[in-house]
Amino acid sequence: MRIGYPCINRSIGCSANRSFRLKSYSEEKLIETVENNLDCLEVILRDNVDHSLLFFRISSDLVPFASHPVNTFPWHTHFQSKLRQIGTFIRENDIRISMHPDQFTLINSPKQNVHQRSVSELQYHARVLEAMDLDDQAKIQIHVGGIYGDKNRSKKRFVKRYKALDPFIRKRLVIENDDRCYHVQDCLDLHQDTGVPLLFDTFHHVVFNGGNTSSMAGIFRKVRKTWANNDGVPMVDYSSQQPGEKPGKHAQTIDVENFLATVEALDDCDVDIMLEIKDKEKSARKAFSKLQTFLSGQKF
DNA sequence: GCGAGTCAAGGTAGG
DNA sequence: CCTACCTTGACTCGC
């Protein structure tokens, strides 16, 4: 089981998701920013390895405006050797990688231009992982999309759009249950029709489950089967409720008891867990250490 | 140097 | 048809 956190490390003062305003776009600025982001990505990954954190989500800002028409720079060839070097480090240390395009990536949108831009965005993400020479276990996670007034039609449109994707994208794509539109059962339905693996978000599931009252263990037994051998062990996103805030608000720092209870509920299945907790690597390090104690205690 | 406003992109809910 | 809200960090500008 690997433990990880998304995109940002708050303690080493190096950021792999620097960007800039579209208005101030220039090729020089792009090159300088990507150089910084790649250097920092490597620094962060080394720091993670030093702390036994072997799961990491690479920021979508790695290459700013990568799928925007303003950016015609051939970044994946220009930075080829650096990208490959980072990929080698990732493979040598057995690090699991994910990426998560943001809310604007909606392959089931009825609007042709939204759909088209989403595919370009997915292509960018797939290219990054490909340039690092990572295998199919490096995943790109998205939500199913909008409902557009008719959930069944929108699910059907997802299936159709998924099947039309380039295999180069499809082999890495996984869908994540969200906290307001598409719950785990919806995602399992879509898996039936497409074979797409389901990335289980435990916190989204607590917030929005469509009235599904089965235990987390029962649900996860179904979820894990959506991951084929070449997909690697299932990825799971974990968070907990920030006390005193609106339901669905991610915690500022880890709730260790809740974390261990969730791990237990996943029913001993080997998974890679990403902590979507605000203080990032701080909680991830704590999770790793508590988990070591917890697991060694369980064996006796 | 600091605080406030703003940022490529979409969607849902409520009126 | 319209507006408010979702949600996040950091860029950018005005003071």
Side-chain angles (χ1 to χ4, degrees), chain A residues 5-30 32-34 36-37 40-41 44 56-73 75 99-125 140-155 157-158 161 175-183 186 201 203-204 207-208 210 237 239-242 244-253 274-283:
Chain A
Y5 62 96
C7 306
I8 295 166
N9 180 304
R10 299 196 188 280
S11 53
I12 60 178
C14 200
S15 149
N17 63 323
R18 266 184 46 200
S19 185
F20 49 85
R21 297 290 195 252
L22 180 58
K23 261 197 291 190
S24 52
Y25 183 92
S26 72
E27 205 156 271
E28 294 70 39
K29 200 155 192 163
L30 178 79
E32 184 202 317
T33 305
V34 176
N36 166 83
N37 288 349
C40 282
L41 175 59
I44 292 170
F56 190 69
R57 183 183 302 163
I58 296 175
S59 167
S60 296
D61 273 337
L62 189 72
V63 182
F65 306 106
S67 71
H68 189 285
V70 76
N71 185 348
T72 55
F73 186 72
W75 56 269
M99 295 187 85
H100 193 349
D102 68 25
Q103 63 184 119
F104 309 107
T105 304
L106 298 154
I107 64 168
N108 79 341
S109 173
K111 296 178 190 164
Q112 204 47 239
N113 60 332
V114 174
H115 169 231
Q116 191 42 56
R117 275 201 299 264
S118 298
V119 173
S120 305
E121 185 70 356
L122 289 176
Q123 192 168 57
Y124 149 60
H125 285 78
I140 301 167
Q141 62 185 97
I142 58 169
H143 296 295
V144 177
I147 289 170
Y148 313 101
D150 186 336
K151 196 170 188 176
N152 273 329
R153 279 185 63 191
S154 294
K155 282 165 89 170
R157 198 163 47 245
F158 177 92
R161 297 278 178 75
I175 52 172
E176 174 191 349
N177 57 304
D178 68 72
D179 57 0
R180 49 199 308 220
C181 298
Y182 291 92
H183 47 61
D186 290 321
D201 187 309
F203 186 42
H204 288 166
V207 176
F208 175 62
D237 279 356
S239 190
S240 62
Q241 177 66 37
Q242 172 67 24
E245 294 283 346
K246 236 180 265 186
K249 180 92 175 172
H250 286 218
Q252 184 61 42
T253 194
M274 176 147 302
L275 275 73
E276 294 188 318
I277 309 270
K278 301 272 159 81
D279 66 6
K280 305 284 177 180
E281 80 284 356
K282 193 176 159 207
S283 283

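- The two atoms that bring A:C181 and A:K151 nearest to each other are O-NZ, 2.8 Å, heavy atoms only.
- Taking atom C1' in both B:dT12 and C:dG9, one finds a spacing of 24 Å when rounded to whole Å.
- If you take CE on A:M274 and CD on A:Q141, they are separated by 7.0 Å, rounding to the nearest 0.5 Å.
- Using a 4.0 Å heavy-atom distance criterion, A:S118 is classed as making no nucleic acid contact.
- Ring geometry for A:H204 against A:H143 counts as tilted: the plane angle lies between 30° and 60°, on a 0 to 90° scale.
- Taking atom P on both C:dC13 and B:dA8, the two are 12 Å apart, rounded to the nearest angstrom.
- Aromatic ring pairs are classed by plane angle as parallel below 30°, tilted from 30° to 60° and perpendicular above 60°; the pair A:W75 and A:Y124 is perpendicular.
- When the P atom of B:dA8 is taken as reference, atom CZ of A:F65 falls 6 Å away, rounded to whole Å.
- The interatomic distance linking A:H115 (NE2) with B:dG10 (P) rounds to 15 Å, in whole Å.
- One atom, CD of A:Q123, and another, C1' of B:dA9, lie 17 Å apart when rounded to the nearest Å.
- Side-chain N or O atoms of A:N71 include one that pairs as donor or acceptor with a backbone N or O of A:P64 at under 3.5 Å.
- A:Q116 places its CD atom 18 Å from the P atom of B:dA9, with the value rounded to the nearest Å.
- For DNA chain B, runs of at least 3 consecutive pairs of the Watson-Crick or G-U wobble type, with both hydrogen-bonding distances under 3.5 angstrom, map to B:1-7 with C:9-15, B:10-15 with C:1-6.
- For the pair A:Y124 OH and B:dA9 C1', the computed distance is 14 Å after rounding to whole Å.
- Comparing the P positions of B:dG5 and C:dA4 gives a spacing of 16 Å, expressed to the nearest Å.
- Shown for residues 144-154 of chain A: residues whose heavy atoms fall under 4.0 angstrom of DNA chain B, namely A:G146, A:I147, A:Y148.
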Under 4.0 Å protein heavy-atom contacts per nucleotide of nucleotides 1-15 of chain C, with B for base, S for backbone only and - for none: -----S-SSBBS---

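- The closest side-chain heavy-atom distance from A:I277 to A:S239 is below 4.5 Å.
- Annotation: the span from A:F73 atom CZ to A:S26 atom OG amounts to 11.0 Å, rounded to 0.5 Å.
- Seen from the ring of A:Y5, A:K282 does not count as a face-on cation partner, given the 6.0 Å and 45° thresholds.
- If you measure from atom CZ of A:F104 to atom P of B:dG10, you get 7 Å, rounded to the nearest angstrom.
- Counting to the nearest Å, the P atom of B:dG11 and the CG atom of A:D102 are 12 Å from each other.
- Of all non-hydrogen atoms in A:I44 and A:C14, the two that sit nearest each other are CD1-O, 3.7 Å.
- Considering only heavy atoms from C-beta on, A:D186 stays 4.5 Å or farther from A:N177 through its side chain.
- A:H250 places a side-chain heavy atom less than 4.5 Å from the side chain of A:F203.
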